[in-house]
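In what follows, chains are A, B, ... by sequence order, proteins preceding strands, each numbered from 1.
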Amino acid sequence: MIRVAVQPAAIDIAAELDLHDAGGHGASASFIGRVRGDGDLTELFLDHHPAMTAAGLADLAHAAADRWQLSALTLIHRVGAMVPGETIVFVLTSSPHRAEALAACEFLIDRLKTDVMLWKRETFVDGRVRWVEPREGDGTRADRWNA
Amino acid sequence: MIRVAVQPAAIDIAAELDLHDAGGHGASASFIGRVRGDGDLTELFLDHHPAMTAAGLADLAHAAADRWQLSALTLIHRVGAMVPGETIVFVLTSSPHRAEALAACEFLIDRLKTDVMLWKRETFVDGRVRWVEPREGDGTRADRWNA
Amino acid sequence: MTLQIAYFAWVRERMGVADETVDLPAGVTNVSSLVAWLAARDARGQVAFAEPQRIRAAIDGVMMGLDAPLAGAREVALFPPVTGG
Amino acid sequence: MTLQIAYFAWVRERMGVADETVDLPAGVTNVSSLVAWLAARDARGQVAFAEPQRIRAAIDGVMMGLDAPLAGAREVALFPPVTGG
(Lines give C-alpha, C1' and ligand atoms only; values in the text may rest on other atoms or scores of the structure.)
Protein backbone atom coordinates (compact mmCIF):
# COMPACT_ATOMS: atom_id res chain seq x y z
CA MET A 1 0.00 0.00 0.00
CA ILE A 2 1.55 3.28 -1.17
CA ARG A 3 0.42 6.56 0.35
CA VAL A 4 1.85 9.80 -1.06
CA ALA A 5 0.75 13.32 -0.17
CA VAL A 6 1.81 16.93 -0.72
CA GLN A 7 0.00 19.06 1.82
CA PRO A 8 -0.03 22.53 3.38
CA ALA A 9 -1.47 21.02 6.59
CA ALA A 10 0.78 19.92 9.45
CA ILE A 11 2.01 16.32 9.17
CA ASP A 12 0.50 14.19 11.95
CA ILE A 13 3.12 11.47 12.53
CA ALA A 14 0.98 9.42 14.92
CA ALA A 15 -1.94 9.45 12.48
CA GLU A 16 0.35 8.48 9.60
CA LEU A 17 1.79 5.59 11.63
CA ASP A 18 -1.74 4.36 12.32
CA LEU A 19 -2.77 4.65 8.66
CA HIS A 20 0.37 2.86 7.52
CA ASP A 21 0.61 0.12 10.06
CA ALA A 22 -2.53 -1.90 9.40
CA GLY A 23 -0.65 -4.99 8.25
CA GLY A 24 1.74 -5.69 11.14
CA HIS A 25 4.79 -5.81 8.84
CA GLY A 26 8.09 -7.15 10.15
CA ALA A 27 10.22 -4.02 9.89
CA SER A 28 9.53 -0.33 9.45
CA ALA A 29 12.10 2.37 8.83
CA SER A 30 11.21 6.02 8.98
CA PHE A 31 12.69 9.44 8.47
CA ILE A 32 11.36 12.73 9.81
CA GLY A 33 12.80 16.03 8.56
CA ARG A 34 11.97 19.12 10.61
CA VAL A 35 12.50 22.88 10.31
CA ARG A 36 15.63 23.79 12.23
CA GLY A 37 15.71 27.12 14.09
CA ASP A 38 19.40 27.75 13.34
CA GLY A 39 20.61 31.32 12.83
CA ASP A 40 17.39 32.98 13.99
CA LEU A 41 15.25 31.41 11.30
CA THR A 42 11.60 32.35 11.83
CA GLU A 43 9.91 30.77 8.81
CA LEU A 44 10.59 28.13 6.23
CA PHE A 45 8.48 28.35 3.09
CA LEU A 46 8.26 25.43 0.66
CA ASP A 47 7.36 26.36 -2.90
CA HIS A 48 6.04 23.60 -5.15
CA HIS A 49 4.40 22.82 -8.50
CA PRO A 50 0.75 21.85 -8.00
CA ALA A 51 0.86 18.82 -10.31
CA MET A 52 4.52 17.96 -10.78
CA THR A 53 5.47 17.81 -7.11
CA ALA A 54 2.86 15.18 -6.35
CA ALA A 55 3.77 13.31 -9.53
CA GLY A 56 7.45 13.41 -8.61
CA LEU A 57 6.76 11.95 -5.16
CA ALA A 58 4.58 9.23 -6.68
CA ASP A 59 7.33 8.38 -9.18
CA LEU A 60 9.86 8.05 -6.36
CA ALA A 61 7.50 5.90 -4.32
CA HIS A 62 6.94 3.55 -7.24
CA ALA A 63 10.67 3.40 -7.96
CA ALA A 64 11.26 2.31 -4.36
CA ALA A 65 8.45 -0.25 -4.49
CA ASP A 66 9.91 -1.70 -7.72
CA ARG A 67 13.39 -1.93 -6.24
CA TRP A 68 12.70 -3.32 -2.76
CA GLN A 69 10.21 -5.75 -1.31
CA LEU A 70 7.92 -3.34 0.54
CA SER A 71 4.59 -4.10 2.16
CA ALA A 72 3.77 -0.43 2.73
CA LEU A 73 5.22 2.98 1.92
CA THR A 74 4.22 6.43 3.18
CA LEU A 75 5.74 9.60 1.74
CA ILE A 76 4.33 12.93 2.93
CA HIS A 77 5.82 16.32 2.10
CA ARG A 78 4.54 19.55 3.53
CA VAL A 79 4.45 22.75 1.45
CA GLY A 80 3.83 26.41 2.28
CA ALA A 81 4.93 28.29 5.40
CA MET A 82 6.14 26.55 8.55
CA VAL A 83 8.03 27.43 11.73
CA PRO A 84 11.00 25.80 13.53
CA GLY A 85 10.23 22.37 14.94
CA GLU A 86 7.48 21.58 12.42
CA THR A 87 7.78 18.50 10.24
CA ILE A 88 8.70 19.11 6.59
CA VAL A 89 8.82 15.52 5.39
CA PHE A 90 7.90 12.08 6.66
CA VAL A 91 9.04 8.84 5.03
CA LEU A 92 7.94 5.43 6.33
CA THR A 93 8.73 2.11 4.67
CA SER A 94 7.77 -1.40 5.79
CA SER A 95 9.00 -4.77 4.68
CA PRO A 96 9.30 -8.31 5.99
CA HIS A 97 13.08 -7.65 5.92
CA ARG A 98 14.83 -4.86 7.81
CA ALA A 99 17.52 -4.26 5.20
CA GLU A 100 14.88 -3.57 2.54
CA ALA A 101 12.93 -1.17 4.75
CA LEU A 102 16.09 0.73 5.73
CA ALA A 103 17.45 0.98 2.19
CA ALA A 104 14.12 2.13 0.72
CA CYS A 105 13.73 4.81 3.40
CA GLU A 106 17.21 6.16 2.78
CA PHE A 107 16.71 6.06 -1.01
CA LEU A 108 13.48 8.06 -0.72
CA ILE A 109 14.92 10.81 1.46
CA ASP A 110 18.08 11.09 -0.65
CA ARG A 111 16.23 11.28 -3.96
CA LEU A 112 13.57 13.63 -2.59
CA LYS A 113 16.30 16.25 -2.29
CA THR A 114 17.25 16.11 -5.96
CA ASP A 115 14.33 14.74 -7.97
CA VAL A 116 11.17 16.46 -6.73
CA MET A 117 9.98 19.99 -7.52
CA LEU A 118 10.27 21.65 -4.13
CA TRP A 119 12.12 24.81 -3.17
CA LYS A 120 12.92 26.08 0.32
CA ARG A 121 12.91 29.77 1.26
CA GLU A 122 14.15 30.89 4.67
CA THR A 123 13.09 34.03 6.54
CA PHE A 124 15.15 35.27 9.49
CA VAL A 125 14.31 37.34 12.54
CA ASP A 126 16.06 40.41 11.06
CA GLY A 127 13.86 40.25 7.97
CA ARG A 128 16.40 38.66 5.64
CA VAL A 129 14.90 36.24 3.11
CA ARG A 130 16.98 33.64 1.28
CA TRP A 131 16.26 30.77 -1.10
CA VAL A 132 18.14 27.68 -0.02
CA GLU A 133 20.89 26.49 -2.37
CA PRO A 134 21.30 22.76 -2.98
CA ARG A 135 24.29 21.29 -1.14
CA GLU A 136 27.05 19.44 -2.98
CA GLY A 137 26.53 16.39 -0.79
CA ASP A 138 22.86 16.08 -1.78
CA GLY A 139 23.71 15.19 -5.36
CA THR A 140 26.40 12.77 -4.23
CA ARG A 141 24.06 10.95 -1.84
CA ALA A 142 21.29 10.80 -4.43
CA ASP A 143 23.67 9.46 -7.10
CA ARG A 144 24.66 6.50 -4.92
CA TRP A 145 21.34 4.89 -5.88
CA ASN A 146 22.05 4.94 -9.62
CA ALA A 147 24.45 1.99 -9.47
CA MET B 1 19.48 12.83 25.65
CA ILE B 2 19.83 9.04 25.64
CA ARG B 3 16.90 6.87 26.64
CA VAL B 4 17.41 3.09 26.84
CA ALA B 5 14.92 0.54 28.16
CA VAL B 6 14.42 -3.22 28.34
CA GLN B 7 10.80 -3.88 29.18
CA PRO B 8 8.18 -6.63 29.29
CA ALA B 9 5.47 -3.98 28.65
CA ALA B 10 4.27 -3.15 25.13
CA ILE B 11 6.31 -0.43 23.39
CA ASP B 12 4.20 2.70 22.87
CA ILE B 13 5.68 4.30 19.74
CA ALA B 14 3.62 7.50 19.96
CA ALA B 15 4.62 8.00 23.61
CA GLU B 16 8.27 7.34 22.78
CA LEU B 17 8.14 9.86 19.93
CA ASP B 18 6.72 12.45 22.33
CA LEU B 19 9.35 11.74 24.98
CA HIS B 20 12.15 11.90 22.43
CA ASP B 21 11.10 14.85 20.38
CA ALA B 22 11.23 17.65 22.91
CA GLY B 23 14.03 19.52 21.14
CA GLY B 24 12.72 19.91 17.57
CA HIS B 25 15.84 18.36 16.05
CA GLY B 26 16.47 18.62 12.31
CA ALA B 27 16.29 14.96 11.35
CA SER B 28 15.04 11.80 13.00
CA ALA B 29 15.51 8.26 11.73
CA SER B 30 13.70 5.34 13.26
CA PHE B 31 13.38 1.61 13.03
CA ILE B 32 10.53 -0.54 14.30
CA GLY B 33 10.88 -4.32 14.42
CA ARG B 34 7.70 -6.32 14.88
CA VAL B 35 6.75 -9.94 15.43
CA ARG B 36 5.93 -11.48 12.06
CA GLY B 37 3.14 -14.04 11.88
CA ASP B 38 4.90 -16.17 9.22
CA GLY B 39 4.42 -19.94 9.26
CA ASP B 40 1.63 -19.94 11.83
CA LEU B 41 3.73 -18.39 14.57
CA THR B 42 1.58 -17.77 17.65
CA GLU B 43 4.12 -16.43 20.14
CA LEU B 44 7.57 -14.91 20.16
CA PHE B 45 9.37 -15.08 23.49
CA LEU B 46 12.45 -12.94 24.14
CA ASP B 47 14.81 -14.27 26.77
CA HIS B 48 17.28 -11.82 28.32
CA HIS B 49 19.81 -11.30 31.10
CA PRO B 50 18.41 -8.96 33.76
CA ALA B 51 21.55 -6.83 34.06
CA MET B 52 23.62 -7.53 30.96
CA THR B 53 20.89 -6.90 28.41
CA ALA B 54 20.27 -3.38 29.68
CA ALA B 55 24.02 -2.77 29.97
CA GLY B 56 24.55 -4.02 26.40
CA LEU B 57 21.90 -1.64 25.06
CA ALA B 58 23.41 1.26 27.00
CA ASP B 59 26.88 0.42 25.62
CA LEU B 60 25.53 0.42 22.07
CA ALA B 61 23.72 3.72 22.63
CA HIS B 62 26.87 5.38 23.92
CA ALA B 63 28.93 3.94 21.06
CA ALA B 64 26.47 5.55 18.61
CA ALA B 65 26.52 8.86 20.49
CA ASP B 66 30.33 8.87 20.40
CA ARG B 67 30.45 8.13 16.69
CA TRP B 68 27.74 10.43 15.32
CA GLN B 69 26.48 13.88 16.21
CA LEU B 70 23.17 13.02 17.86
CA SER B 71 20.86 15.32 19.76
CA ALA B 72 18.70 12.46 21.05
CA LEU B 73 18.66 8.67 20.98
CA THR B 74 15.92 6.23 22.04
CA LEU B 75 16.52 2.47 22.16
CA ILE B 76 13.74 0.29 23.56
CA HIS B 77 13.73 -3.51 23.48
CA ARG B 78 10.84 -5.59 24.62
CA VAL B 79 11.39 -8.93 26.41
CA GLY B 80 9.09 -11.79 27.39
CA ALA B 81 6.13 -13.15 25.41
CA MET B 82 4.53 -11.31 22.52
CA VAL B 83 2.20 -12.04 19.61
CA PRO B 84 2.37 -11.28 15.86
CA GLY B 85 2.17 -7.57 15.07
CA GLU B 86 3.58 -6.44 18.40
CA THR B 87 6.71 -4.29 18.46
CA ILE B 88 9.93 -6.03 19.54
CA VAL B 89 12.32 -3.13 19.18
CA PHE B 90 12.20 0.61 18.58
CA VAL B 91 15.21 2.70 17.62
CA LEU B 92 14.98 6.48 17.17
CA THR B 93 17.92 8.78 16.49
CA SER B 94 17.92 12.53 15.97
CA SER B 95 20.58 14.86 14.67
CA PRO B 96 20.86 18.23 12.98
CA HIS B 97 22.07 16.23 9.94
CA ARG B 98 20.07 13.51 8.22
CA ALA B 99 23.06 11.35 7.29
CA GLU B 100 24.11 11.11 10.95
CA ALA B 101 20.61 10.19 12.13
CA LEU B 102 20.22 7.53 9.41
CA ALA B 103 23.64 5.97 9.97
CA ALA B 104 23.27 5.84 13.76
CA CYS B 105 19.84 4.20 13.45
CA GLU B 106 21.14 1.54 11.10
CA PHE B 107 24.22 0.92 13.27
CA LEU B 108 22.04 0.40 16.34
CA ILE B 109 19.68 -2.10 14.73
CA ASP B 110 22.54 -4.02 13.08
CA ARG B 111 24.60 -4.28 16.26
CA LEU B 112 21.58 -5.09 18.43
CA LYS B 113 21.36 -8.37 16.56
CA THR B 114 24.88 -9.48 17.44
CA ASP B 115 26.01 -7.62 20.57
CA VAL B 116 23.16 -7.70 23.06
CA MET B 117 22.09 -10.63 25.25
CA LEU B 118 18.68 -11.41 23.81
CA TRP B 119 17.36 -14.72 22.50
CA LYS B 120 14.20 -15.33 20.47
CA ARG B 121 12.02 -18.42 20.89
CA GLU B 122 9.16 -19.09 18.48
CA THR B 123 6.00 -21.08 19.23
CA PHE B 124 3.78 -22.25 16.37
CA VAL B 125 0.10 -23.10 16.13
CA ASP B 126 0.87 -26.85 16.01
CA GLY B 127 2.77 -26.61 19.31
CA ARG B 128 6.29 -26.66 17.87
CA VAL B 129 8.78 -24.54 19.81
CA ARG B 130 12.07 -23.40 18.28
CA TRP B 131 14.90 -21.11 19.37
CA VAL B 132 15.81 -18.76 16.54
CA GLU B 133 19.27 -19.29 15.03
CA PRO B 134 21.34 -16.22 14.13
CA ARG B 135 21.44 -15.59 10.40
CA GLU B 136 24.71 -15.37 8.47
CA GLY B 137 23.80 -11.95 7.18
CA ASP B 138 23.39 -10.52 10.69
CA GLY B 139 27.09 -10.88 11.44
CA THR B 140 28.02 -9.43 8.05
CA ARG B 141 25.80 -6.38 8.52
CA ALA B 142 27.05 -5.81 12.06
CA ASP B 143 30.69 -6.10 10.97
CA ARG B 144 30.30 -3.30 8.42
CA TRP B 145 30.52 -0.85 11.33
CA ASN B 146 33.94 -2.04 12.49
CA ALA B 147 35.80 -0.26 9.68
CA MET C 1 4.11 29.17 -31.78
CA THR C 2 2.36 29.92 -28.48
CA LEU C 3 3.89 28.63 -25.24
CA GLN C 4 2.85 28.71 -21.59
CA ILE C 5 5.75 29.43 -19.24
CA ALA C 6 5.58 28.85 -15.46
CA TYR C 7 8.21 30.15 -13.04
CA PHE C 8 9.09 28.84 -9.58
CA ALA C 9 11.02 29.93 -6.48
CA TRP C 10 13.44 32.82 -7.08
CA VAL C 11 12.89 32.68 -10.83
CA ARG C 12 9.23 33.51 -10.20
CA GLU C 13 10.13 36.27 -7.74
CA ARG C 14 12.57 37.86 -10.18
CA MET C 15 10.17 37.59 -13.11
CA GLY C 16 7.36 39.11 -11.03
CA VAL C 17 4.81 36.67 -12.51
CA ALA C 18 3.99 33.02 -11.83
CA ASP C 19 3.22 32.26 -15.45
CA GLU C 20 2.68 33.86 -18.81
CA THR C 21 1.81 32.95 -22.39
CA VAL C 22 4.29 34.00 -25.03
CA ASP C 23 4.55 33.94 -28.81
CA LEU C 24 7.88 32.36 -29.51
CA PRO C 25 9.97 34.13 -32.10
CA ALA C 26 11.65 32.05 -34.79
CA GLY C 27 14.99 30.66 -33.62
CA VAL C 28 13.79 29.86 -30.08
CA THR C 29 13.72 26.11 -30.52
CA ASN C 30 14.98 24.63 -27.25
CA VAL C 31 15.03 25.46 -23.53
CA SER C 32 18.45 27.10 -23.77
CA SER C 33 17.40 29.50 -26.48
CA LEU C 34 14.15 30.22 -24.60
CA VAL C 35 16.16 31.18 -21.50
CA ALA C 36 18.48 33.35 -23.61
CA TRP C 37 15.50 35.06 -25.27
CA LEU C 38 13.82 35.77 -21.88
CA ALA C 39 17.12 37.15 -20.53
CA ALA C 40 17.35 39.50 -23.50
CA ARG C 41 13.64 40.50 -23.53
CA ASP C 42 13.54 42.88 -20.54
CA ALA C 43 15.16 43.91 -17.23
CA ARG C 44 13.31 41.27 -15.17
CA GLY C 45 14.38 38.51 -17.52
CA GLN C 46 17.94 39.80 -17.43
CA VAL C 47 18.01 39.43 -13.62
CA ALA C 48 16.12 36.12 -13.48
CA PHE C 49 18.24 34.43 -16.14
CA ALA C 50 21.62 36.08 -15.54
CA GLU C 51 23.07 32.64 -14.71
CA PRO C 52 21.51 30.14 -17.13
CA GLN C 53 23.55 27.28 -15.63
CA ARG C 54 21.44 27.68 -12.46
CA ILE C 55 18.19 27.14 -14.35
CA ARG C 56 16.36 23.82 -14.59
CA ALA C 57 13.35 23.06 -16.80
CA ALA C 58 10.38 20.78 -17.21
CA ILE C 59 8.38 20.41 -20.40
CA ASP C 60 4.74 19.39 -19.99
CA GLY C 61 5.45 17.97 -16.55
CA VAL C 62 8.69 16.13 -17.31
CA MET C 63 12.12 17.35 -16.18
CA MET C 64 14.32 17.95 -19.22
CA GLY C 65 17.83 19.17 -20.00
CA LEU C 66 18.40 22.68 -21.33
CA ASP C 67 18.98 21.30 -24.84
CA ALA C 68 15.47 19.77 -24.95
CA PRO C 69 13.53 20.92 -28.05
CA LEU C 70 10.34 22.97 -27.62
CA ALA C 71 8.55 21.56 -30.68
CA GLY C 72 5.13 20.35 -29.57
CA ALA C 73 5.50 21.70 -26.04
CA ARG C 74 2.45 23.19 -24.33
CA GLU C 75 4.00 24.34 -21.03
CA VAL C 76 7.57 24.93 -19.98
CA ALA C 77 8.45 25.33 -16.28
CA LEU C 78 11.64 27.22 -15.42
CA PHE C 79 13.09 27.03 -11.92
CA PRO C 80 16.25 26.77 -9.79
CA PRO C 81 17.71 23.41 -8.68
CA VAL C 82 15.27 21.80 -6.24
CA THR C 83 15.82 21.82 -2.46
CA GLY C 84 13.09 19.68 -0.92
CA GLY C 85 13.35 16.97 1.68
CA MET D 1 37.08 -22.46 43.76
CA THR D 2 33.35 -21.69 43.90
CA LEU D 3 31.65 -20.31 40.77
CA GLN D 4 28.13 -19.14 39.97
CA ILE D 5 26.95 -20.30 36.55
CA ALA D 6 23.88 -18.82 34.78
CA TYR D 7 22.31 -20.40 31.70
CA PHE D 8 20.19 -18.74 29.04
CA ALA D 9 17.85 -19.70 26.18
CA TRP D 10 18.15 -23.33 25.03
CA VAL D 11 21.20 -23.88 27.23
CA ARG D 12 19.00 -23.14 30.27
CA GLU D 13 16.19 -25.35 28.95
CA ARG D 14 18.56 -28.27 28.38
CA MET D 15 20.29 -27.84 31.75
CA GLY D 16 16.91 -27.65 33.50
CA VAL D 17 18.12 -24.87 35.81
CA ALA D 18 18.62 -21.13 35.39
CA ASP D 19 21.70 -21.00 37.57
CA GLU D 20 23.77 -23.05 39.98
CA THR D 21 26.83 -22.74 42.19
CA VAL D 22 29.59 -25.24 41.55
CA ASP D 23 32.91 -26.18 43.11
CA LEU D 24 35.35 -26.18 40.23
CA PRO D 25 37.67 -29.17 40.07
CA ALA D 26 41.34 -28.54 39.45
CA GLY D 27 42.11 -28.25 35.75
CA VAL D 28 38.96 -26.25 34.91
CA THR D 29 40.72 -22.97 34.29
CA ASN D 30 38.96 -21.33 31.37
CA VAL D 31 35.51 -21.20 29.75
CA SER D 32 36.37 -24.00 27.33
CA SER D 33 37.37 -26.42 30.05
CA LEU D 34 34.30 -25.41 32.10
CA VAL D 35 32.06 -26.28 29.15
CA ALA D 36 33.88 -29.62 28.66
CA TRP D 37 33.54 -30.41 32.36
CA LEU D 38 29.79 -29.62 32.35
CA ALA D 39 29.32 -31.80 29.24
CA ALA D 40 31.04 -34.72 30.99
CA ARG D 41 29.31 -34.19 34.36
CA ASP D 42 25.84 -35.59 33.59
CA ALA D 43 23.28 -36.35 30.89
CA ARG D 44 21.83 -32.83 30.90
CA GLY D 45 25.25 -31.29 30.45
CA GLN D 46 25.98 -33.71 27.65
CA VAL D 47 22.90 -32.51 25.73
CA ALA D 48 23.34 -28.82 26.52
CA PHE D 49 27.02 -28.70 25.56
CA ALA D 50 27.12 -31.29 22.76
CA GLU D 51 28.25 -28.55 20.36
CA PRO D 52 30.69 -26.30 22.25
CA GLN D 53 31.23 -24.13 19.17
CA ARG D 54 27.61 -22.95 19.55
CA ILE D 55 28.22 -21.68 23.09
CA ARG D 56 29.01 -18.09 24.03
CA ALA D 57 30.07 -16.81 27.44
CA ALA D 58 30.16 -13.76 29.65
CA ILE D 59 32.30 -13.45 32.78
CA ASP D 60 30.98 -11.09 35.45
CA GLY D 61 28.85 -9.28 32.91
CA VAL D 62 31.40 -8.98 30.09
CA MET D 63 31.24 -11.08 26.91
CA MET D 64 34.40 -13.15 26.59
CA GLY D 65 35.89 -15.74 24.26
CA LEU D 66 35.92 -19.42 25.19
CA ASP D 67 39.63 -19.22 26.03
CA ALA D 68 39.03 -16.58 28.73
CA PRO D 69 40.50 -17.64 32.12
CA LEU D 70 38.19 -18.19 35.08
CA ALA D 71 40.67 -16.99 37.71
CA GLY D 72 38.94 -14.37 39.86
CA ALA D 73 35.55 -14.88 38.18
CA ARG D 74 32.42 -14.68 40.33
CA GLU D 75 29.74 -15.49 37.73
CA VAL D 76 29.95 -17.10 34.32
CA ALA D 77 26.98 -16.91 31.91
CA LEU D 78 26.71 -19.58 29.20
CA PHE D 79 24.33 -19.13 26.28
CA PRO D 80 23.78 -19.57 22.51
CA PRO D 81 24.62 -16.83 19.99
CA VAL D 82 22.27 -13.90 20.55
CA THR D 83 19.23 -13.23 18.31
CA GLY D 84 17.75 -9.92 19.44
CA GLY D 85 16.62 -6.94 17.38
Side-chain angles (χ1 to χ4, degrees), chain B residues 4 6 11 31-36 44-60 75-80 82 87-91 105-123 129-139 141-142, chain D residues 2-22 30-32 34-35 38-39 43-70 72-85:
Chain B
V4 171
V6 178
I11 299 175
F31 180 84
I32 300 169
R34 294 185 202 81
V35 182
R36 285 161 58 186
L44 185 74
F45 177 82
L46 254 291
D47 195 9
H48 76 296
H49 183 297
M52 282 186 68
T53 307
L57 288 177
D59 285 352
L60 269 193
L75 182 53
I76 315 287
H77 210 295
R78 190 160 169 200
V79 292
M82 51 206 100
T87 297
I88 306 169
V89 61
F90 180 59
V91 180
C105 179
E106 198 160 350
F107 165 85
L108 288 166
I109 188 64
D110 282 346
R111 293 291 286 267
L112 249 180
K113 302 228 165 214
T114 58
D115 291 17
V116 180
M117 291 180 69
L118 290 160
W119 300 272
K120 287 189 179 124
R121 188 188 65 197
E122 300 173 327
T123 302
V129 175
R130 164 178 94 178
W131 288 91
V132 173
E133 294 290 323
R135 282 176 303 174
E136 288 270 332
D138 290 342
R141 282 187 69 92
Chain D
T2 292
L3 186 71
Q4 291 265 2
I5 314 181
Y7 306 108
F8 292 91
W10 52 256
V11 176
R12 185 188 59 231
E13 286 186 347
R14 292 174 190 179
M15 290 303 282
V17 294
D19 51 72
E20 61 175 318
T21 305
V22 299
N30 63 13
V31 176
S32 248
L34 173 64
V35 167
L38 290 167
R44 287 178 177 274
Q46 197 178 343
V47 172
F49 298 106
E51 297 172 280
Q53 75 281 6
R54 295 180 66 201
I55 302 299
R56 302 291 179 270
I59 300 181
D60 294 330
V62 180
M63 295 238 209
M64 302 293 264
L66 294 190
D67 57 350
L70 296 179
R74 209 176 49 77
E75 188 205 69
V76 172
L78 298 174
F79 46 85
V82 303
T83 56

Report task. Taking the side chain as every heavy atom from C-beta outward, state whether D/Val31 and D/Leu70 have any pair of such atoms under 4.5 Å apart. Result -> yes
**Report entry** Under 4.5 Å from a heavy atom of chain B, the part of D/Arg12 involved
**Finding:** side chain
Query raised in the report: What part of B/His49 gets closer than 4.5 Å to chain D, counting heavy atoms only: side chain, backbone, both or neither?
Result: both
Report task. Pick one of side chain, backbone, both or neither for B/Met117, based on which atoms fall under 4.5 Å of a heavy atom in chain D. Result -> both
Query raised in the report: Does some side-chain heavy atom of B/Asp115 sit less than 4.5 Å from a side-chain heavy atom of D/Val82?
Result: no
Query raised in the report: Heavy atoms, side chains only, cut-off 4.5 Å: are B/His77 and B/Thr53 in contact?
Result: no
**Report entry** Min side-chain heavy-atom separation D/Tyr7-D/Glu20 under 4.5 Å
**Finding:** yes
